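First the structure, in the form of structure tokens, and then the observations on it.
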Amino acid sequence: MSNFSKKWLRVIGIGDDGWKDLASSSIDLVFESDIVLGGERHLSMLPDDFKGEKILWDSPMKNSITKILNWRPVDFENGLKVTIIASGDPLCYGIASKLLQRLPIDEILIKPSLSSFSLMCSRVGWSLPDVETLTIHGRPLEIIHPFVQDGAKLLVLSKDEN
């Protein structure tokens with residue numbers, strides 16, 4: 001079942017430079033989609049000539065995941081084509097990881113961009129294998145406590161600047 005036609009759901013990572021940084025194959029996938037789901041920032045990057053439906057992420061995210069699962073086609077040849085635009089690598093603490101808990105990889109095409117962690121490393125000059133990567137987005141701040149040690153290099157993702 002690895003036939004491309006069965007990949008009704010596409011998850012495209014978008015990098016720091018936005019739309020202009022996407023590969024032409026990713027842009028083609030977006031334009032052939034019936035629905036594009038993403039954050040406000042991501043949806044605002046879509047060109048004016050995109051004709052599909054734009055849907056903003058729900059909060060909590062599980063509501064959007066339920067919507068996505070409800071769009072799962074019975075007939076993979078004729079069902080909706082759904083694209084999710086996500087930041088960076090959607091498998092690095094991202095939406096693709098959550099979707100793969102509910103759907104087989106045979107139905108999902110994932111096109112990652114640089115992860116937020118790789119981007120942060122490039123800005124501060126650290127090697128990714130030499131750091132601890134954590135996320136506190138939707139999690140209690142206290143989870144970082146065991147990692148705070150002298151000389152530790154921590155990259156911590158959060159929802160916002162707070």
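Just so we're clear, the structure is a prediction, and the values are computed from it rather than from any experiment.
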Partner set under side-chain contact (heavy atoms from CB on, under 4.5 Å) for Q149, not counting sequence neighbours
A152
Derivation and outcome, side chain to side chain contact (heavy atoms under 4.5 Å, CB included), residues V82 and S33:
CA-CA 6 Å; V82 178; S33 297; over 6 Å; no
Can you spot which of T83, L99, L100, L37 makes a side-chain contact (heavy atoms from CB on, under 4.5 Å) with V11?
L99
Given the rule that I, L, V, M, F, W and Y join up when any side-chain heavy atoms are under 4.5 Å apart, are L154 and V124 in one cluster?
no
Applying side-chain hydrogen bond (donor to acceptor under 3.5 Å, both in side chains) to S25 and not counting sequence neighbours gives K111
Minimal non-hydrogen separation, A86 against P90, with atom names:
CB-CB, 4.3 Å
Does a side-chain heavy-atom distance below 4.5 Å link L69 with R102?
yes
If you measure from the Lys or Arg side-chain nitrogens to the Asp or Glu carboxylate oxygens, is any gap between K67 and D58 under 4.0 Å?
yes
How far apart are the C-alpha atoms of V156 and T135, what are their side-chain angles, what is the distance that settles it, and do they pass the side chain to side chain contact (heavy atoms under 4.5 Å, CB included) test?
CA-CA 5 Å; V156 183; T135 183; over 6 Å; no
For a 4.5 angstrom cut-off between non-hydrogen side-chain atoms, does I55 reach V36?
no
Kindly give the heavy-atom pair with the smallest separation between K81 and E32, and that separation in Å.
CB-O, 3.9 Å
Hey, is R72 close enough to E107 for a salt bridge, meaning N to O under 4.0 Å?
yes
Please check if the side chain of K7 supplies one atom and the backbone of I108 the other of a donor-acceptor pair under 3.5 Å.
yes
Separation between CG of N78 and CH2 of W8, rounded to the nearest 0.5 Å
15.0 Å
Transitively linked via ILVMFWY side-chain contacts under 4.5 Å: L155 with L134?
no
Determine, step by step, whether R123 and D16 satisfy the salt bridge (charged side-chain N to carboxylate O under 4.0 Å, His left out) criterion, reporting the C-alpha distance in whole Å, the side-chain angles of both residues, the deciding distance to 0.1 Å, and the verdict.
CA-CA 12 Å; R123 300 278 165 82; D16 195 35; 2.6 Å; yes
How many angstroms lie between OH in Y93 and CZ in F117, if you round to the nearest 0.5 Å?
5.5 Å
Residue pair I95 / W57, side-chain heavy-atom distance below 4.5 Å
yes
Evaluate H137 against L157 for side chain to side chain contact (heavy atoms under 4.5 Å, CB included), listing each step before the verdict.
CA-CA 6 Å; H137 186 171; L157 296 177; 5.5 Å; no
When rounded to the nearest 0.5 angstrom, what is the spacing between NZ in K153 and OG1 in T133?
14.0 Å
According to a hydrophobic-cluster definition based on side-chain heavy atoms being under 4.5 Å apart (Ile, Leu, Val, Met, Phe, Trp, Tyr only), do L141 and V148 belong together?
yes
Is W126 reachable from I144 through a run of hydrophobic residues whose side-chain heavy atoms are each under 4.5 Å from the next?
no
Just verifying a value: how many Å separate S26 OG and I12 CD1, rounded to the nearest 0.5 Å?
4.5 Å
When rounded to the nearest 0.5 angstrom, what is the spacing between CD1 in I105 and CG in L103?
9.5 Å
If you compare all heavy atoms of G79 against all heavy atoms of P73, which two are closest, and at what distance to 0.1 Å?
CA-CB, 3.7 Å
Using a cut-off of 6.0 Å, state whether more than 12 heavy atoms not belonging to R139 lie near its atom CZ.
yes
Find the distance between CG (D89) and OG (S113) and round it off to the nearest 0.5 Å.
8.5 Å
As a quick check of understanding, evaluate side chain to side chain contact (heavy atoms under 4.5 Å, CB included) for L9 and W71, giving each step before the final call.
CA-CA 9 Å; L9 182 59; W71 292 324; over 6 Å; no
Could you see if I110 belongs to whatever hydrophobic cluster contains L114? Use Ile, Leu, Val, Met, Phe, Trp, Tyr and a side-chain cutoff under 4.5 Å.
no
Side-chain heavy-atom pair L91, P112 within 4.5 angstrom cut-off
no
Would you give me the side-chain donor-acceptor pairs under 3.5 Å for residues 38-54, sequence neighbours excluded?
residue	atom	partner	partner atom	Å
R41	NH2	S87	OG	2.8
H42	NE2	S87	OG	3.0
S44	OG	E40	O	3.4
S44	OG	R41	O	2.7

